[in-house]
Student: 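First the structure, which I've put down as structure tokens, then a few questions once you've had a look.
Given the structure is predicted, the values throughout are model-derived calculations rather than measurements. Letters A, B, ... are given to chains in the order of the sequence lines, protein chains preceding strands, and every chain is numbered from 1.
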Protein chains: 2
Amino acid sequence: MSLDRRSGCPINLSLEVFGDRWSLIILRDMIFGGRRHFRELLNGSIEGIASNILADRLKRLMELGMLTKADDPSHKQKAIYSLTEMAITLVPILAHLGAWGRVWLPTSEELSIRAELLEKGGPPLWEKFMDELRHEHLGMPLDTASGPSVRATLQAAYQAVVARKALGASPAA
Amino acid sequence: MSLDRRSGCPINLSLEVFGDRWSLIILRDMIFGGRRHFRELLNGSIEGIASNILADRLKRLMELGMLTKADDPSHKQKAIYSLTEMAITLVPILAHLGAWGRVWLPTSEELSIRAELLEKGGPPLWEKFMDELRHEHLGMPLDTASGPSVRATLQAAYQAVVARKALGASPAA
DNA sequence: TGCAACCGATTGCAAAATGCAATCGGATCA
DNA sequence: TGATCCGATTGCATTTTGCAATCGGTTGCA
């Protein structure tokens with residue numbers, strides 16, 4: 001919250017941007033979950049952020065240039081949040097972070113399948129995903145004719161794991 | 001500090017490890033600064049961590065399996081902290097983070113030169129650096145006959161920038 | 001031998017951040 | 001018209017942080 005004890009070190013400055021418990025969670029939900037509205041972020045994330053913290057972090061991320069806010073034309077009260085290029089370029093970092101967490105931390109299978117696919121896809125997949133995000137959030141044209149979106153692919157893999165687990169421990173046996 | 005509101009998501013779990021203001025700063029100083037002792041970490045880092053916070057984070061990072069502590073044979077009171085493999089594999093993440101910060105945040109020239117070199121070196125340089133860290137911290141043999149250490153190279157570049165700036169604005173004009 | 005400096009922490013206390021539940025005024029929907 | 005949803009905001013208890021002083025012990029030096 002401070003922004004003052006800064007030291008010009010890239011890592012330190014990066015930590016001042018998302019070195020807290022929630023900022024990167026919000027960005028994760030926007031990037032991978034496709035969430036754009038306050039309520040979606042409030043109720044959608046598994047971790048359960050409080051509304052005042054969410055409001056504060058959205059404001060802070062806007063001030064830092066990671067997000068922009070606009071009126072949702074379909075609903076006079078709805079605000080729609082968009083990622084900036086600055087936030088979209090976090091995708092490789094999030095991919096690395098997910099890969100590291102998958103190796104070293106007790107991740108759950110259904111929630112780490114996306115990290116696994118993202119890791120396996122490597123930089124080309126990240127680039128495709130970033131292009132899709134630029135399209136969604138910045139209105140850029142989609143130059144690569146593409147097939148299913150990366151997010152849809154990740155989501156489908158997640159659903160497949162959830163469905164398999166719901167059928168019981170030994171589904172195809 | 002919680003470790004409870006966990007959600008199995010790799011990114012969330014990663015944030016529970018170093019999603020705070022100081023943990024990653026400490027690891028940065030150990031990795032890039034070569035610091036191994038409490039006092040070095042306390043007085044060495046530009047950002048000025050408090051001693052109680054440092055003690056708490058070192059303990060926490062040990063509990064998480066990122067660090068180990070041992071007696072320094074040269075001094076009965078000195079403790080020497082070592083990185084584990086889990087911490088050493090953060091090097092690519094730190095490299096990416098530094099690269100991102102260098103692009104998007106107001107980094108200082110002398111403190112970002114290391115991030116720049118690390119970025120330009122790419123994965124091969126990171127691997128060499130990680131091997132050196134494994135040698136220093138885990139006692140592994142150095143298989144690649146190597147030339148100057150990565151840390152020394154980064155440090156020399158930093159010193160060169162500092163020296164150039166100390167000579168005044170237009171040194172070679 | 002004495003004494004200052006240094007070792008890794010720990011303590012007490014003030015300030016700030018966070019978590020939580022209730023609530024706001026307005027817009028939308030039935 | 002009334003229930004529901006919208007993005008927040010408020011008040012308050014709890015937790016975390018920052019800061020300075022200090023701890024008991026070790027070391028280096030005169």
Student: Classify the side chain of A:Gln77 and the base of D:dG7 as holding, or not holding, a donor-acceptor pair under 3.5 Å.
Tutor: no

Student: Of the nucleotides D:dA20, D:dG7, C:dG8, which one has an atom closest to the side chain of B:Ser51?
Tutor: D:dA20

Student: For D:dT17, take OP1 and OP2 only and decide whether either is under 4.0 Å from a side-chain N or O of B:Arg57.
Tutor: yes

Student: Quickly work out the B:Ile49 CD1 to D:dT16 P distance and round it to whole Å.
Tutor: 16 Å

Student: Among D:dT10, D:dG7, D:dT27, find the nucleotide with the atom closest to the side chain of B:Lys76.
Tutor: D:dT27

Student: For A:Asp56 and C:dT18, what is the distance between atoms CG and P respectively, to the nearest whole Å?
Tutor: 7 Å

Student: At under 4.0 Å, does any side-chain N or O of A:Lys69 touch on OP1 or OP2 of D:dA8?
Tutor: yes

Student: Verify the contact: side-chain N or O of A:Trp22 to OP1 or OP2 of C:dA17, cut-off strictly under 4.0 Å; return yes or no.
Tutor: no

Student: Of the options C:dT18, C:dA21, D:dG18, whose atoms approach the side-chain atoms of B:Ile53 most closely?
Tutor: D:dG18

Student: Between B:His96 and A:Trp126, how do the two ring planes meet: parallel, tilted or perpendicular, split at 30° and 60°?
Tutor: perpendicular

Student: I would like to know whether B:Glu47 and B:Arg21 meet salt bridge (charged side-chain N to carboxylate O under 4.0 Å, His left out); could you show each step before the answer?
Tutor: CA-CA 10 Å; B:Glu47 290 86 6; B:Arg21 194 67 189 69; over 6 Å; no

Student: Is any side-chain nitrogen or oxygen of A:Arg39 closer than 4.0 Å to OP1 or OP2 of D:dG7?
Tutor: yes

